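Comments concern the structure below.
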Amino acid sequence: CLVDICDSMEIEMEQVNKVSQLLRSILIGQEPDKLLLLKHMGDGYLAVYNSTLAAVSASERLLEWQAGQQNIYSADIRIALDCGITHRTHGHDRSGIPICRASRIEKPQKNDIALADGDLQSLKSRNRCLLTQQVTNVLKMEGHEPYTYIGKRSLKGFSNEMHAIYQYLP
């Protein structure tokens with residue numbers, strides 16, 4: 001789960017820090033035992049969970065916070081989810097294809113993605129959660145299908161393969 005504060009360079013540093021701490025507490029949530037890694041990325045976080053559903057749950061909490069009264073700074077966020085095997089590296093850090101893939105889909109621009117319906121409005125640039133095909137497969141198995149297909153995107157470092165991108169709609 002990657003979460004990013006949109007346009008953080010245009011916001012006062014104190015505000016970015018406060019929003020960042022709120023995001024941290026939301027990512028940890030009520031089940032800190034499911035969190036394998038929480039890494040601060042300057043204007044966001046990388047959170048690695050022990051299950052896809054824990055990451056989806058964290059994303060739901062983030063989107064609820066974004067839309068709710070608790071978001072006193074009116075901060076805009078972007079979330080990207082992927083799933084798969086990660087490996088422990090130095091200390092508590094982790095690496096793996098899901099981390100790379102999530103980071104590549106996190107901030108698509110107009111020319112990055114071939115939209116299914118050709119309507120860029122269907123791909124909000126803020127306050128949204130993007131999913132990979134792997135995450136939607138898990139959600140289907142669990143009987144949760146609150147997402148919509150957006151289109152395909154070529155991802156840097158993943159040869160010429162086009163990756164299906166979905167938007168989560170809790």
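None of the values given here were measured: they were computed from a predicted structure.
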| Gap separating the CG atom of L2 from the CG atom of L130, nearest 0.5 angstrom | 11.0 Å
| field | Side chains of L36 and R94 in contact at under 4.5 Å (non-hydrogen atoms) | value | yes
| query | Is it the case that N17 and Q21 place a side-chain donor and acceptor less than 3.5 Å from each other? | reply | no
| message | Under the rule for side chain to side chain donor-acceptor pair (under 3.5 Å), what residues qualify as partners of K39, not counting sequence neighbours? | response | D93
| message | I need the full list of salt bridge (charged side-chain N to carboxylate O under 4.0 Å, His left out) pairs touching residues 15-26, with sequence neighbours left out, sorted by first then second residue. | response | E14-K18
| query | Taking C-beta and beyond as the side chain, do T148 and L169 meet within less than 4.5 Å on heavy atoms? | reply | yes
| request: For Q167 and Y149, test the side chains for any donor-to-acceptor distance below 3.5 angstrom and give the result as yes or no. | output: no
| said: I need the Q133 CD to H163 NE2 distance, nearest 0.5 Å. | reply: 11.0 Å
| message | So, taking the atom named CD1 in I79 and the one named SG in C1, what distance separates them when rounded to the nearest 0.5 Å? | response | 6.0 Å
| message | Does anything in residues 161-170 form a salt bridge (charged side-chain N to carboxylate O under 4.0 Å, His left out)? List the pairs, not counting sequence neighbours. | response | none
| task | Might you point out which heavy atoms bring I26 and A58 nearest each other, and give the distance in Å? | result | CG2-O, 4.3 Å
| request: Side-chain contact test, heavy atoms from C-beta onward, threshold under 4.5 Å: evaluate it for L38 versus I28 and give yes or no. | output: yes
| note | Smallest heavy-atom separation, C129 atom then L63 atom, equals CB-CD1, 4.0 Å
| said: With side chain to side chain donor-acceptor pair (under 3.5 Å) as the rule and sequence neighbours excluded, what pairs involving residues 47-58 come up? | reply: S57-R61
| said: On a heavy-atom basis, which atom in G29 and which in P32 lie closest, and how many Å separate them? | reply: O-CD, 4.1 Å
| Does the side chain of S59 reach to within under 4.5 Å of the side chain of L81, using non-hydrogen atoms? | yes
| request: Could you give me the CA-CA distance, side-chain angles and deciding distance for I77 and D4, then say whether side-chain contact (heavy atoms from CB on, under 4.5 Å) is met? | output: CA-CA 5 Å; I77 58 173; D4 180 61; over 6 Å; no
| field | Pairwise side-chain contact, V19 with W65, heavy-atom cut-off 4.5 Å (strictly under) | value | yes
| With Y147, which residues qualify under ring pair (Phe, Tyr, Trp, His ring centres under 6.0 Å), at least two apart? | Y166
| query | If two hydrophobic side chains count as joined below 4.5 Å and joins carry through other members, does L37 share a cluster with M41? | reply | yes
| task | Calculate, to the nearest 0.5 Å, the distance between atoms CZ and CG belonging to R78 and L62 respectively. | result | 13.5 Å
| note | In short, ring-ring contact (aromatic ring centres under 6.0 Å, His included) pairs touching residues 2-29 with sequence neighbours left out are none
| field | Pairing residues for E142 by the salt bridge (Lys or Arg N to Asp or Glu O under 4.0 Å) criterion, not counting sequence neighbours | value | none
| task | Check ring pair (Phe, Tyr, Trp, His ring centres under 6.0 Å) between H40 and all other residues, then give those that pass, not counting sequence neighbours. | result | Y45
| note | Smallest heavy-atom separation, G42 atom then V16 atom, equals O-CG1, 4.4 Å
| Between CG of L27 and CG of L22, what distance do you get to the nearest 0.5 Å? | 11.0 Å
| Residue pair I5 / I11, side-chain heavy-atom distance below 4.5 Å | yes
| field | Heavy-atom closest pair, residues V138 and C83 | value | CG2-SG, 4.0 Å
| message | Quick check for you: to the nearest 0.5 Å, what is the distance between D7 atom CG and D43 atom CG? | response | 9.5 Å
| side-chain contact (heavy atoms from CB on, under 4.5 Å) between V56 and V135, worked out | CA-CA 9 Å; V56 169; V135 175; 4.3 Å; yes
